[in-house]
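The structure appears right after this line, and notes come after that.
We count ligands from 1, going down the list as the structure has it; atoms in each ligand are counted the same way.
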Amino acid sequence: MRNLVLDYFQSTQSSYKNCKVLRKALTAIYLFDFLDRLKNESFPDDWFEIMKNDMAGLDNFSSLIENRFDIAGDGSDWDDNEQELPVDLRTGAVYFNLWKNFNKEEYYQQTLQLLEQRFTRNQLDVTGFKSGLDAGCGGGRYTLALKKSGIHKMTGVDISPDSVSFATKMNHFPEDEVIFKQASVLELPFADKSFDFVFSNGVLHHTTDINQGLRELNRVLQPGGQGWLYLYGGKETLFWDIVDFCRAILSDVPQSYMQILMKIMGYPPGRIFHRADFWYVPINERYFAAEVDEMLKDTGFTDSRRLTRGSDHDWDEIIYSNPSIDPYIYGEGEMRFWLQKAL
Ligand SMILES: C[S@@+](CC[C@H](N)C(=O)[O-])C[C@H]1O[C@@H](n2cnc3c(N)ncnc32)[C@H](O)[C@@H]1O
């Protein structure tokens with residue numbers, strides 16, 4: 001089945017080589033609509049036919065909005081400035097362009113609920129920790145949620161100076177309880193054993209050297225310290241095949257163009273964030289559980305364990321509730337690990 005899908009993408013991609021930016025944009029949007037539909041309904045037996053029909057309908061769909069949103073064929077008017085930056089800063093800029101739309105307190109409240117659901121279902125408790133590091137904190141939503149969950153002092157670092165300023169503005173705690181700094185997770189500006197808890201959520205798979213990131217987390221963690229690691233899993237699944245296809249056809253379609261187009265089309269901010277994230281972040285690795293296990297052992301996290309539960313919409317929780325689901329949909333699930341550094 002998987003080969004059939006890949007062949008289909010391959011043939012579609014070649015016919016898009018000379019197509020206009022708008023058609024590429026709509027193809028990506030439409031494929032993600034298809035994925036969303038699969039999540040909301042049960043997975044249909046004839047999904048391949050559905051996808052083909054969706055793609056065939058693109059011509060009509062495209063003509064509907066073409067006159068509302070015209071663009072030069074090559075996207076040159078929309079060049080995003082970040083293209084000139086080194087890769088880690090470019091990653092930071094891609095995310096800041098997304099975070100800056102999420103400055104409402106309610107969004108931070110939702111993050112706290114997600115975190116608590118994941119902790120409760122996996123029987124985890126962070127209340128005893130004195131000093132936590134959120135490595136790759138973005139807008140600081142988890143840094144603040146971890147503080148509210150009971151960690152005495154939290155430090156958040158991110159490669160993007162804009163994200164750090166944004167997170168600092170969203171922080172209502174005094175600086176000796178929550179602080180944000182600009183730094184790379186590959187070169188943390190902290191002494192060995194500075195923290196008793198480290199947290200890195202969805203960051204290291206976007207860096208140039210995941211093992212270096214894990215070594216740094218291990219170095220700044222005290223012996224006996226614990227932590228949380230989230231990496232992309234679900235390797236070789238329908239979702240990632242579609243993501244890779246979209247990344248290929250969107251390689252000359254600017255991020256700002258896609259964000260504006262989806263806004264005009266009425267997509268809510270959360271969905272625009274989610275899609276632009278997968279389409280535009282420069283480095284986007286994903287892992288099998290055995291690969292993560294190996295890396296954790298090699299970098300000193302000898303007693304870590306994979307978490308099997310998640311919040312309601314996490315892949316792990318969906319697999320947990322439907323163990324017989326087609327493995328091509330969610331594969332092994334996401335990769336959330338509870339880290340432990342030996343004493
Ligand atoms: C998917 S976001 C996750 C943010 C946050 N952990 C969360 O879950 O809301 C990835 C974040 O990692 C940051 N990042 C990427 N590479 C980094 C690096 N080398 N050092 C520090 N931060 C980095 C990005 O700027 C971005 O804010």
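Ligand 1 lies out of reach of Ser163, whose nearest heavy atom is not under 4.0 Å from it.
Cluster membership for Trp228 and Leu221, using ILVMFWY side-chain heavy atoms within less than 4.5 angstrom, is not shared.
The protein non-hydrogen atom at the shortest distance from atom 9 (O) of ligand 1 is Arg141 NE, 2.5 Å. In this structure, atom 6 (N) of ligand 1 lies nearest to the protein heavy atom Gly136 O, 2.7 Å. For atom 8 (O) of ligand 1, the closest heavy atom belonging to the protein is Asn201 ND2, 3.0 Å. Closest protein heavy atom to atom 19 (N) of ligand 1: Ser184 OG, 3.3 Å. The nearest protein atom to atom 16 (N) of ligand 1, hydrogens excluded, is given as Thr207 CG2, 3.9 Å; this is a heavy-atom distance. Closest protein heavy atom to atom 25 (O) of ligand 1: Asp158 OD1, 2.7 Å.
Remark: Asp192 engages Arg219 in a salt bridge, criterion side-chain N to carboxylate O under 4.0 Å. Between Arg271 and Asp33 there is no salt bridge, since no side-chain nitrogen of the basic residue lies less than 4.0 Å from a carboxylate oxygen of the acidic one. Checked for salt-bridge contact, Asp134 and Arg141 miss the test: no charged N lies under 4.0 Å from a carboxylate O. Remark: Asp293 does not engage Arg305 in a salt bridge, criterion side-chain N to carboxylate O under 4.0 Å.
A donor-acceptor pair shorter than 3.5 Å cannot be found between the side chains of Asp162 and Ser160. Counted by atom type alone, Gln117 and Gln113 present zero donor-acceptor pairs between their side chains at under 3.5 Å.
At a 4.0 Å heavy-atom cut-off, ligand 1 touches Cys137 through the backbone alone. Only the side chain of Tyr142 comes within 4.0 Å of ligand 1, judged by heavy-atom distances. Of the heavy atoms in Ala183, only backbone atoms (N, CA, C, O) come closer than 4.0 Å to ligand 1.
Ring orientation note: the planes of Trp338 and Phe119 are nearly perpendicular, at an angle over 60° on the 30°/60° scale.
On a distance-only criterion, Ile159 and ligand 1 share at least one N/O pair closer than 3.5 Å. Among the atoms of Val185, some N or O lies under 3.5 angstrom from an N or O of ligand 1. Between Asp134 and ligand 1, a contact under 3.5 Å exists for no N or O pair.
Every atom of ligand 1 with a heavy atom of Thr91 under 4.0 Å away is listed here by number and element: 15 (C). For ligand 1, the atoms closer than 4.0 angstrom to any heavy atom of Gly202 are 1 (C), 2 (S), 3 (C), 10 (C). Heavy-atom proximity to Gly138, at under 4.0 Å, picks out these atoms of ligand 1: 27 (O).
Formation of a donor-acceptor pair under 3.5 Å by the Asp314 side chain with backbone atoms of Glu317 is not found in this model. Put simply, the side chain of Ser200 never gets that close to the backbone of Val203: no donor and acceptor are under 3.5 Å apart.
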